Amino acid sequence: MLLDTASMYFRAYYGVPEILAPDGTNVNAVRGLLDYIARLVEQYRPTHLACCWDEDWRPAWRVELLPTYKAHRVVEEVEGAADVEVVPDPLEVQVPVIREVLAAYGIAVVGAPGYEADDVIGTLATDAGMPVDVVTGDRDLFQLVDDEAGVRVLYIGRGVGRHERVDEAWVLEKYGVAARQYADFATLRGDPSDGLPGVPGVGEKTAASLLRKYDDLAGVVAAAADPDSDLGGGPRLKIKHAADYLAVAPRVVAVARDLDLPREGLELPAEPADPDALAALSERWRLDSPVERLTAVLAG
């Protein structure tokens, strides 16, 4: 089980009522994330679990290819380091607490310098040697769905308690494309939440129709360039006018699958690695009930 950790703690922050620690700090994201992990582990009983981390939520190499990438989320640009993302102050102070609690449990946290959690997930899900469940509220990760490899997405867009099990049939029914085509589909359609403009005038239906007809983005671009192809005049012009965008966007949208990451130490612990530290954190931050629940679930 691979967790898109930021996706989950953002969801907890906005979905769980404010809960204050003894010092007045809001800890709803910490508590919510622990409850989410407990619920998912109890339901699916994974043998391995990794909290995948954004070491760089807006990698410079993606921005260099497409300057609009997540630009609307930047609160401060930092030369030579990761840009500062817009994060509510009451959530920002909880992130280090989350890291401390996960460490006390011995739950693996995996990140990679210069890459997003999506890239970590893509790498760990590829050739995993076992079935993989990816937990995320990010549709971009639908590109990883692979029935043959046993990779599916537990999509929490409507909440962790109402998550959807996304397999190849689900993607096909929802979007009209195969999971292997999803990245090209997203490139054509665009995604305002990630600053991906898409091809102007090409929405979901047109994008799906083009991919069904020409198989992949390269086939669509080739058809637009071929005067003898049966691509209609309207879509042809739209694809041609977006040539610069289509030359770079696929590399931005595609998640990395070949990062040099350790695959050892991802086993789900049966008990906290540091019970004393966990007890101290629980008392300091008022985490008693979620800690008790997760501890009990891990014990089986």
Side-chain angles (χ1 to χ4, degrees), residues 1-22 25-54 90-91 93-111 117 120-121 124-125 128 130-138 141 152-166 265-300:
M1 181 170 282
L2 303 175
L3 307 184
D4 184 357
T5 317
S7 174
M8 295 176 69
Y9 65 61
F10 265 92
R11 181 165 297 277
Y13 174 74
Y14 286 107
V16 175
E18 183 180 74
I19 302 173
L20 302 182
T25 300
N26 181 17
V27 290
N28 65 341
V30 187
R31 292 174 61 99
L33 178 64
L34 294 178
D35 279 338
Y36 293 163
I37 294 173
R39 182 182 300 183
L40 291 162
V41 168
E42 186 172 37
Q43 182 170 356
Y44 291 99
R45 289 293 168 188
T47 58
H48 298 68
L49 183 141
C51 287
C52 301
W53 210 265
D54 284 318
L91 171 57
V93 298
Q94 296 184 65
V95 176
V97 180
I98 290 171
R99 290 294 296 256
E100 288 184 286
V101 173
L102 293 174
Y105 268 113
I107 293 175
V109 174
V110 185
V120 174
I121 291 170
L124 294 178
M130 66 185 76
V132 176
D133 280 337
V134 174
V135 181
T136 184
D138 186 350
L141 290 173
R152 66 179 176 179
V153 168
L154 304 181
Y155 182 56
I156 59 173
R158 297 192 299 171
V160 174
R162 302 172 61 203
H163 67 266
E164 300 171 87
R165 299 182 183 93
V166 178
L266 305 184
E267 294 82 7
L268 185 69
E271 59 185 16
D274 191 337
D276 292 340
L278 183 62
L281 288 165
S282 178
E283 181 178 359
R284 178 181 178 185
W285 300 112
R286 193 184 171 191
L287 306 176
D288 46 342
S289 59
V291 163
E292 288 172 6
R293 181 183 177 195
L294 179 54
T295 301
V297 167
L298 292 178

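Bear in mind the structure is a predicted one, so any value in this text is a computation, not a measurement. Residues: numbered from 1 along the sequence shown.
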Problem set entry | Chi angles and distances behind the side-chain contact (heavy atoms from CB on, under 4.5 Å) call for Leu294, Tyr105 | CA-CA 9 Å; Leu294 179 54; Tyr105 268 113; 3.6 Å; yes
Problem set entry | Verdict with supporting geometry, Ser282 and Glu292, side-chain contact (heavy atoms from CB on, under 4.5 Å) | CA-CA 9 Å; Ser282 178; Glu292 288 172 6; over 6 Å; no
Problem set entry | Trace of the side-chain contact (heavy atoms from CB on, under 4.5 Å) decision for Leu20 with Asn26 | CA-CA 4 Å; Leu20 302 182; Asn26 181 17; 4.1 Å; yes
Problem set entry | Criterion side-chain contact (heavy atoms from CB on, under 4.5 Å) on Val110 and Leu266, from CA distance to verdict | CA-CA 9 Å; Val110 185; Leu266 305 184; 3.9 Å; yes
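Interatomic distance, CG of Leu154 versus CZ of Arg165, reported as 7.5 Å (0.5 Å rounding). Interatomic distance, Gln94 CD to Leu33 CG, rounded to the nearest 0.5 Å: 10.0 Å.
Contact detail for Leu278 and Pro272: the closest heavy-atom pair is CD2-CG, 3.6 Å. Of all heavy-atom pairs spanning Cys52 and Thr5, the tightest one is O-OG1, 2.7 Å. The shortest heavy-atom contact between Leu34 and Pro290 is CB-CB, 4.0 Å. Nearest approach of Leu3 to Met1, heavy atoms of both residues: CD2-CG, 3.7 Å. Taking both residues in full, the closest heavy atoms of Leu49 and Ile107 are given as CD2-CG2, 3.5 Å, listed atom of the first, atom of the second, then distance. Across every non-hydrogen atom of Ala29 and Tyr9, the tightest pair is CB-O, 3.7 Å.
Using a 4.5 Å heavy-atom threshold, the side chains of Thr47 and Glu267 count as separate. Here the side chains of Thr25 and Val93 are in contact, with some heavy-atom distance below 4.5 Å. Side-chain contact check for Leu102 versus Ile37: some heavy-atom pair is nearer than 4.5 Å. You'll find the side chain of Val132 stays beyond 4.5 Å of the side chain of Arg152, heavy atoms only. Between Cys51 and Met8 there is no side-chain heavy-atom pair separated by less than 4.5 Å. Considering only heavy atoms from C-beta on, Trp285 stays 4.5 Å or farther from Val291 through its side chain. Looking only at side-chain heavy atoms (C-beta outward), Val134 and Tyr155 stay at 4.5 Å or farther from each other.
Within a 6.0 Å sphere centred on CD of Glu271, heavy atoms belonging to other residues, nucleotides or ligands number 12 at most. The number of heavy-atom neighbours closer than 6.0 Å to CD of Gln43, taken from other residues, nucleotides and ligands shown, is above 12.
No side-chain donor-acceptor contact under 3.5 Å links Arg286 to the backbone of Pro22. The backbone N or O of Val297 sits nowhere less than 3.5 Å from a side-chain atom of Glu42 that would complete a donor-acceptor pair. In this structure a side-chain-to-backbone donor-acceptor pair under 3.5 Å is present from Asn28 to Val16. Judged by distance alone, with hydrogens and angles left aside, the side-chain atoms of Ser7 form a donor-acceptor pair with the main-chain N or O of Gly137 at under 3.5 Å. The main-chain N or O of Ile156 is found under 3.5 Å from a side-chain atom of Arg11 such that the two form a donor-acceptor pair. Under a 3.5 Å cut-off, the side chain of Asp4 and the backbone N or O of Val135 do not form any donor-acceptor pair.
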